[in-house]
Amino acid sequence: MALDLLIYVGLFVLTIIPLYYLNILWLEPQRLRKKLERQGIRGPKPSFPYGNVKEMQKIQSAANTMKASRSSYGDFVGDDYTCVLFPYFEQWRKQYGSIYTYLAGNKQHLYINDPELVKEMNQSITLGLGKPSYITKRLSPLLGNGILRSNGHFWVHQRKIIAPEFFMDKVKGMVGLMTDAAEPLLRKWEACIEAQGDCIADIKVDDDLREVSADVISRACFGSSYTKGKEIFSKLRTLQKAISSKGMLFGLPAIVQKKDVKSLEKEIDSLIWEAVCERKCQETETPLMKKDLLQMILEEAMDHFASKDESRHFIVDNCKNIYFAGHESTSVAASWCLMLLALYPEWQTNIRNEMSEACPDGVLGVDSLPKLKSVTLVIQEAMRLFPPAAFVSREALERTQIGHVDVPKGVCIWSLIPTLHRDPEIWGPDAHIFKPERFANGVTKACKFPQAYVPFGVGARSCLGRNFAMAELKVIISLITSKFTYSLSPNYQHSPAYRMVVQPGHGVNILIQKFQ
Ligand code: HEM
């Protein structure tokens, strides 16, 4: 009798488990696909069990072979790197148009690059669109349950607390720390030129720029104890490298050393918490004259959370999120700006002229920033041609209407930012040309569909650090360009690479000399 029962249970389990996996891997995605197809949305045919992943990998390896056969891009600015970095999206876009569906792993995706639909997403304030769980799950050790990962009401709560700290009036108060953070880079590059007999130095800019942006975030977050911030930052970078891989785009599981990740995560959490505790003691002894970001987050957390544990998680997770969101994208944007300015020295001259008018004493202050128009145009154009963030990604956490599309719950939405930014239908026939003056009268006058210019993302979840990032970029690029003249080094190899952001694959080398 007992044996019979065991056999029945065994048979039941053996039938249920495969059925369960069949449902989540195949039947459910097929149901979602059918719902999209009924609305006229097509896409490549998926196969069991990985959907379209095998095809994505095949298209990618063909693109890699093609890339390997040519040493570099012919036209650094004009060549569309999306065909090399995300060739499957480009191939399918040409086949199925700017809206199509595909299956990655067990996640049914909706690819949207139609400006009207992007506009709808921009205007949507529904909490039904959140961050895709299969991506955020993987980033959990890096981001905890901070603002970048969370969804729903918990995200609203965090955004309400953090966003005001990045409003323009607060950012204005941080311009001083940005110029301070840029000083060591300027001195270092001057020393490099002097070491070449005051002639020309060949400099790879990327690590130095990364150091500046890490320094800016450390100073903004941790104020006087920013050296501890730098240690946290370097560990976060190691953790980021350990968990990010291109497989993320295909919805494939990560191959990571779980033990290393866990111990790094623990170390980072305790370092941040140490800084917080030091700050609490310091504040009791001598209240800070000027509150830094950590202090403000700390006070908000104490006011908003009843439990100590909740407030600790809120502080630690969001410090990590701001570090992660704020440093790499900004330094990569600065690298692209320098690459383009090195190619177009007439824009260096414009920036220099405006700097000498706006800052006759050579000191870049908060009041001079709005007068620096050319640098703003260059940054906007650089982020159009080489947006550091490649995608806007969402998951329909519930059935959601986006324009004429009824998006079923569970579908992930992807928009490829560089494709929107280089579409001649949107930007005109000169879409692939570096032309900062197109932004002279604002984004609305620069293109047919201004909502398609999305370097900082779309809608309610767009970047809350954009004012901060723009101010930082203006400070760094203006200071560098007022002190030096530069051109592209023969050592520069144009090779945009996707490593969570789209960055110069071999860095940016410039030939630099002091501006006399
Ligand atoms: C050039 C530099 C930057 C670029 C290109 C950039 C771009 C982006 C993009 C594309 C998103 C996602 C938006 C979406 O999904 O629609 C985002 C989100 C975010 N960014 Fe930035 N960002 C930059 C700098 C910064 C800085 C300096 C900070 C903070 C100091 C920051 C903080 C954030 C945060 C907290 C979010 C999450 C917002 C949310 O989910 O509510 N970013 N950023």
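Just so you know, ligand 1 is whichever comes first in the structure, and atom 1 is the first atom listed for that ligand. Computed from a predicted model, the values in this text were never measured in an experiment.
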Which is it for [X] and ligand 1 at heavy atoms under 4.0 Å: side chain, backbone, both or neither?
{"X": "R461", "value": "both"}
{"X": "A389", "value": "side chain"}
{"X": "I417", "value": "neither"}
{"X": "E472", "value": "neither"}
{"X": "F468", "value": "side chain"}
{"X": "M383", "value": "side chain"}
{"X": "R466", "value": "neither"}

For atom 39 (C) of ligand 1, what is the nearest protein heavy atom, given as residue, atom name and distance?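 Of the protein heavy atoms, R159 NH1, 3.4 Å lies nearest.
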
Looking only at protein heavy atoms, which one is nearest to atom 6 (C) of ligand 1, and what is the separation?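 That would be F456 CD2, 3.6 Å.
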
Does W273 offer a backbone N or O that forms a donor-acceptor pair with the side chain of R312 under 3.5 Å?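 Looks like no, no N/O pair under 3.5 Å.
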
Give the numbers and elements of all ligand 1 atoms closer than 4.0 Å to a heavy atom of [X].
{"X": "F166", "value": "29 (C), 30 (C)"}
{"X": "P455", "value": "5 (C), 7 (C), 10 (C)"}
{"X": "G326", "value": "25 (C), 26 (C), 27 (C), 28 (C)"}
{"X": "W155", "value": "39 (C), 40 (O), 41 (O)"}
{"X": "G457", "value": "10 (C), 13 (C), 14 (C), 16 (O)"}
{"X": "T330", "value": "1 (C), 2 (C), 24 (C), 27 (C)"}

Would you check whether [X] reaches within less than 4.0 Å of ligand 1, judged by its heavy atoms?
{"X": "I217", "value": "yes"}
{"X": "N321", "value": "no"}
{"X": "R394", "value": "yes"}

For the aromatic rings, using the six-membered ring if either is Trp, is the centroid distance between [X] and [Y] under 6.0 Å?
{"X": "F468", "Y": "H327", "answer": "no"}
{"X": "W414", "Y": "F391", "answer": "yes"}
{"X": "F386", "Y": "H494", "answer": "yes"}
{"X": "Y100", "Y": "F89", "answer": "no"}
{"X": "Y88", "Y": "Y102", "answer": "no"}

Taking the minimum heavy-atom distance to atom 17 (C) of ligand 1, which of A325, A469, C463 ranks first?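 Checking each option, the heavy atom nearest atom 17 (C) of ligand 1 is found in C463.
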
Which heavy atom of K170 sits nearest to which heavy atom of P164, and what is that distance?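 Nearest heavy atoms, K170 then P164: CG-O, 3.5 Å.
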
Could you check whether atom CD of E211 has more than 12 heavy atoms from other residues, nucleotides or ligands sitting under 6.0 Å from it?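 No, because the 6.0 Å sphere around CD of E211 holds 12 heavy atoms or fewer from other groups.
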
Are more than 12 heavy atoms, taken from residues, nucleotides or ligands other than R399, located less than 6.0 Å from that residue's CZ atom?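 At most 12 heavy atoms, drawn from other residues, nucleotides or ligands, come within 6.0 Å of this atom.
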
Is a side-chain donor-acceptor pair under 3.5 Å present for Q503 with S335?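 Result is no, nothing qualifies.
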
Lys/Arg-Asp/Glu bridge criterion (N-O < 4.0 Å) met for D317, R149: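 Salt bridge flag = no for R149 with D317.
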
Hey, which of K435, R438, R422 is the one that makes salt bridge (charged side-chain N to carboxylate O under 4.0 Å, His left out) with E381?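 One option only clears the test, and that one is R438.
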
